[in-house]
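These notes concern the structure reproduced below.
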Amino acid sequence: MKLRPLADRVIVKRLENETKTASGIVIPDNAAEKPDQGEVLAVGPGKTNDKGEVKPLSVKVGDRVLFGKYSGQTVKVDGDELLVMKEDDLFAVVEK
């Protein structure tokens with residue numbers, strides 16, 4: 001199944017955090033916090049302004065982004081847990 005986001009929404013897959021600390025202590029799944037960054041898998045066409053013009057999104061597929069801990073709506077697609085959120089919910093793009 002493929003998802004095509006509408007308007008100014010993006011589909012993000014969370015990036016997994018390290019499950020081991022630098023000193024070698026393993027963090028169990030139930031104690032680990034959900035990561036607040038992910039990879040953009042799909043973007044919508046953009047938001048329509050009052051004049052009817054579509055303003056394209058500033059993020060693109062493949063970007064690594066930061067977002068709030070409780071941002072977006074979680075959906076399961078083909079066994080993967082994905083987030084659907086508005087572009088406004090994103091804080092920043094991580095530059096490499």
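The figures here come from the full heavy-atom set of this structure, side chains too, leaving out hydrogens, waters and symmetry mates. Keep in mind the model is a prediction, meaning the values are calculated, not measured.
Val61 and Val10 fall into different hydrophobic clusters, where Ile, Leu, Val, Met, Phe, Trp and Tyr are joined by side-chain heavy atoms under 4.5 Å apart, directly or via other members.
Among pairs with a residue in residues 39-52, those fulfilling side chain to side chain donor-acceptor pair (under 3.5 Å) read Asn49-Glu53, at least two apart in sequence or across chains.
Summarising the geometry of Pro5 relative to Pro45, their closest heavy-atom pair is O-CD, 3.8 Å, with the distance given to 0.1 Å. The minimum heavy-atom distance linking Val43 with Val59 is given by the pair CG1-O, 3.8 Å. The nearest pair of heavy atoms linking Arg9 to Leu57 is O-CD1, 3.9 Å. For the pair Arg14 and Lys69, the tightest heavy-atom approach, listed with the atom from each and the gap, is NH2-O, 3.9 Å.
Note that CD of Glu95 is 12.0 Å distant from CZ of Arg64, once rounded to the nearest 0.5 Å. Once rounded to the nearest 0.5 Å, the distance linking CD1 of Ile11 with CZ of Arg4 reads 11.0 Å.
Residues Leu66 and Val94 form a side-chain contact, since some pair of their non-hydrogen atoms from C-beta on lies under 4.5 Å apart. Between Val65 and Gln37 the shortest side-chain heavy-atom distance does not fall below 4.5 Å. Using a 4.5 Å heavy-atom threshold, the side chains of Val77 and Leu3 count as touching.
Looking at residues two or more places apart in sequence or on another chain, you find a salt bridge (Lys or Arg N to Asp or Glu O under 4.0 Å) between Lys60 and Asp63.
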Identify every side-chain donor-acceptor pair in residues 86-93 under 3.5 Å, counting partners at least two apart or on other chains, and give the distances.
unit_1 : atom_1 : unit_2 : atom_2 : d
Glu87  : OE2    : Ser58  : N      : 2.7
Glu87  : OE2    : Ser58  : OG     : 2.7

Side chain to side chain contact (heavy atoms under 4.5 Å, CB included) evaluation trace for Leu82 with Leu41: CA-CA 9 Å; Leu82 306 175; Leu41 299 181; 3.6 Å; yes
